[in-house]
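For reference, the structure is listed below as structure tokens.
Quick caveat: nothing in here was measured; it's all calculated off a predicted structure. Because only heavy atoms are used, hydrogens play no part in the values below, and waters and symmetry mates are left out as well, while side chains stay in.
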Amino acid sequence: MDLQKDLFNYLFPVCLNHWYQSLLRSESAEYGDAELHYAIHRGNILNKMTTKAQIKEIYSFFHDGFMDRVELERGFKYASEKTPAYGLLYRFNSIGFIAPTIRVVWSTWWNMDHPDKAVSAIKYASGLIYPKGDNPIFGEWTFSEGGAALI
């Protein structure tokens, strides 16, 4: 279905706000049957509906939003499958899927100029290093305790 430019311009900021607020709450970017990352990628909506300058600003928004979330990361204790780390780790991977901003996000994140950047970097790296069930940070996944990040 074709999008109306004026309607898109009115509603897309609302979608970006939902993306940001759900990121801060470590929730999915889904709303009903709509998933923002999928829509951006599959529908190619940024190239269809925005200018190059707007795309650059949207990518900056993704970067800044992700850094806001990284700087909320605290500790290594998890209480369920909806742990803060899961939302953060999955969102990082999703950003790489929808926007060519991973290099900038990675550089900002891994300069570790903030304690929470270091905590989240350790969590992410542990998911890459350890086999499923052997991660000392996440441990083996259980319904009541969470654990075992699947990155």
Original post:
Just wondering, are more than 12 heavy atoms of other shown residues or ligands nearer than 6.0 Å to CZ in Phe61?
Top reply: yes
Subject >> Heavy atoms of other groups near Lys56 NZ, more than 12 under 6.0 Å >> reply: no
Under 4.5 Å between side-chain heavy atoms, hopping through other hydrophobics if needed: is there a path connecting [X] to [Y]?
X: Leu128; Y: Val105; answer: yes
X: Met112; Y: Leu72; answer: yes
X: Ile95; Y: Leu16; answer: yes
X: Leu23; Y: Trp106; answer: yes
X: Phe97; Y: Ile102; answer: yes

Quick check: closest heavy atoms across [X] and [Y], and the distance to 0.1 Å?
X: Gly65; Y: Trp19; value: CA-CZ3, 4.2 Å
X: Thr108; Y: His63; value: OG1-NE2, 2.8 Å
X: Ile98; Y: His41; value: CG2-CB, 4.2 Å
X: Ile40; Y: Phe62; value: CD1-CZ, 3.8 Å
X: Ser120; Y: Val70; value: OG-CG1, 3.2 Å
X: Ser94; Y: His37; value: CB-ND1, 3.1 Å

Original post:
Hey, what do you get for CG (Asn47) to CE (Met49), rounding to the nearest 0.5 Å?
Top reply: 12.0 Å
Original post:
Nearest 0.5 Å, what's the CG-CD distance between Asn9 and Gln4?
Top reply: 11.0 Å
Original post:
Can you tell me if Asn93 and Tyr124 form a side-chain donor-acceptor pair at under 3.5 Å?
Top reply: yes
Original post:
When you check the side-chain N and O atoms of Ser22 and Arg91, is any donor under 3.5 Å from an acceptor?
Top reply: yes
Original post:
Hey, are the side chains of Phe66 and Thr101 touching, using non-hydrogen atoms and a 4.5 Å cut-off?
Top reply: no
Subject >> Note, Leu36 side chain near His18 side chain (heavy atom, < 4.5 Å) >> reply: no
Subject >> Geometric class of the Trp109/Phe92 ring pair [parallel <30°, tilted 30-60°, perpendicular >60°] >> reply: perpendicular
Subject >> Side chain Lys117, main chain Trp110, donor-acceptor under 3.5 Å >> reply: no
Subject >> N/O donor-acceptor pair under 3.5 Å between Ser107 side chain and Val104 backbone >> reply: no
